[in-house]
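The block underneath contains the structure these notes are about, expressed in structure tokens.
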Amino acid sequence: MGLTLDMGNLKGFVKDADLAALQPRLQKAHQDLTDKTGLGNDYLGWTRLPSSIPDTLLDELTALGKTVRAHSDCLVTIGIGGSYLGIRASLEFLRGAGGFPVYYAGHNMSADYHAELLQTLQKKNVTLAVISKSGTTTEPALAFRILKEFMAKKYSGAELQKRIICVTDGKKGALRQIAAQNGYQTYVIPDDVGGRFSVLTPVGLVPLAAAGVDVHALVRGARQAEQDYAVADIAANPCYQYAGCRRLLYQQGKKIEVLASFYDNMVSVNEWWKQLFGESEGKNGQGIFPASLIFSTDLHSMGQLLQDGERNIFETFVSIARVGSALQIPFDAQDLDKFNIVAGKDLDYVNKQGQIATAAAHAEGGVPNMTITLGRSDAEHLGRLYYFFERAVGISGYLSGVNPFDQPGVEAYKKKMFALLGKR
Ligand code: PA5
């Protein structure tokens, strides 16, 4: 089924004519992405990444994954931001794929978290995937120090070397040097792909293959998306429709976009999306604030604000057409809760009615919304979704006149932290 975009609940906010009127600016943004003539054009490697990933690399990573799973009980990935979120998003969306345990480190500096992790790893055979494009980011660098010491106490020589995989820049950075000096395996992150666009580079592919995810399927979905969303005509391109609607809604004072889903496996995809959109668009004093909610859970905590609070929000739902499990609601002879009305129906049927009702109620309450529906919760659809959002944010950033591919604001806290730490 692929991916569809339903804009029915934008009525009264986005007119077809307004969307069509965006075409000349969209055409320019499209051309800038295609011809690499826009801002940040050194970082457009992601646009043709799916079609340029060699199948031989995917085969190699699949084989690497088999080896890792044969000699390890678990994988620890070290990384933050773009070197972390896509991995977690994929594994959680795919509900752990093959069930191989994956732990995360270096995405925070909590001593309790990392001490507990070391405790968990004590009696396990471990493989580490250390991921940092710059190779100098504080959080993963410190976690790697700690885990490297842990690994060196457990293993030595060739055994240690085969258990540490570094994913980093091809030439520069401390991680590249550490890998070279210690003989660790390395995979290269292309120069022209920024962190938040890197899930389909070895950043995501190495740990996902190690965990048993079908990376061929993931990339196949992204390749299809690369082809489908390369159409300049907004009327024929749902990805550009999404980007265009966001722009029109922002201009009407809808400054917050909530990515909402009735599917719990979307939690970390939402986090990945927040980085992609927040870091790409939040600059020069502008940008839609990306927020996320998981329903029904959050309807019982945030539902009031959505329905009735300040009208500065729009929503994008991500739905799944066919879920993996059938779960029939039982008939109850007593029927005290009066839910025999849905006895015999699938739980997902009720979930979907909940979504339709919520979307309609929110639209009536002044929260315009769109729905992206994926055919299934599998690797192929996830690859498609990743590319859909990447292309949408590239276009959206160009429509709003910012460079969507840099992140100068992220440096401010680092400078102050380094000053406090006395780091030059
Ligand atoms: O989008 C970005 O560039 C950042 O969020 C980075 O992904 C994050 O800071 C991690 O950087 P690195 O991979 O260089 O350690």
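For ligands, and for the atoms within them, numbers begin at 1 and follow the listed sequence. Keep in mind that this is a model prediction, so the values were computed, not measured. Residue indices begin at 1 and follow the sequence shown.
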Salt bridge check, R223 against D55: does any charged N sit closer than 4.0 Å to a carboxylate O? yes

Between E257 and R246, is the closest basic N to carboxylate O distance under 4.0 Å? yes

What protein heavy atom sits nearest atom 1 (O) of ligand 1, and how far away is it? E279 OE1, 2.5 Å

Give the atom numbers and elements of ligand 1 that come within less than 4.0 Å of a heavy atom of S132. 12 (P), 13 (O), 14 (O), 15 (O)

Considering only non-hydrogen protein atoms, determine which one is nearest to atom 6 (C) of ligand 1 and report residue, atom name and distance to 0.1 Å. G82 N, 3.9 Å

The atoms of ligand 1 lying under 4.0 Å from a heavy atom of R196, numbered in the order shown, are 1 (O)

In terms of ring plane angle, is the pair H362 and F295 parallel, tilted or perpendicular, where the classes change at 30° and 60°? perpendicular

Is the shortest N/O to N/O distance between K414 and ligand 1 below 3.5 Å? no

Show which atoms of ligand 1 fall inside a sub-4.0 Å distance from at least one heavy-atom site of I80. 7 (O), 8 (C), 10 (C)

Thinking salt bridges, do K162 and E159 make one under a 4.0 Å N-O criterion? yes

Going by the atom numbers of ligand 1, which of them fall below 4.0 Å from some non-hydrogen atom of S83? 7 (O), 12 (P), 13 (O)

Against ligand 1, does E139 come closer than 4.0 Å with any heavy atom? no

Could you tell me the residue and atom name of the protein heavy atom closest to atom 11 (O) of ligand 1, and the distance to it rounded to 0.1 Å? T137 OG1, 3.5 Å

Is a salt bridge present between D42 and K36, judged by a nitrogen-to-oxygen distance below 4.0 Å? no

For the residue pair F277 and W273, does the interplanar ring angle fall in the parallel (under 30°), tilted (30 to 60°) or perpendicular (over 60°) class? tilted

Write out the residue and atom name of the closest protein heavy atom to atom 5 (O) of ligand 1, then the distance separating them to 0.1 Å. Q275 NE2, 2.6 Å

Ion pair present between K123 and D73, side-chain N to carboxylate O less than 4.0 angstrom? no

So the atoms of ligand 1 within less than 4.0 Å of a heavy atom of S134 turn out to be 12 (P), 14 (O), 15 (O)

Look only at interatomic distance and state if G135 has a nitrogen or oxygen under 3.5 Å from any nitrogen or oxygen of ligand 1. no

N/O donor-acceptor pair under 3.5 Å between K274 side chain and E279 backbone: no

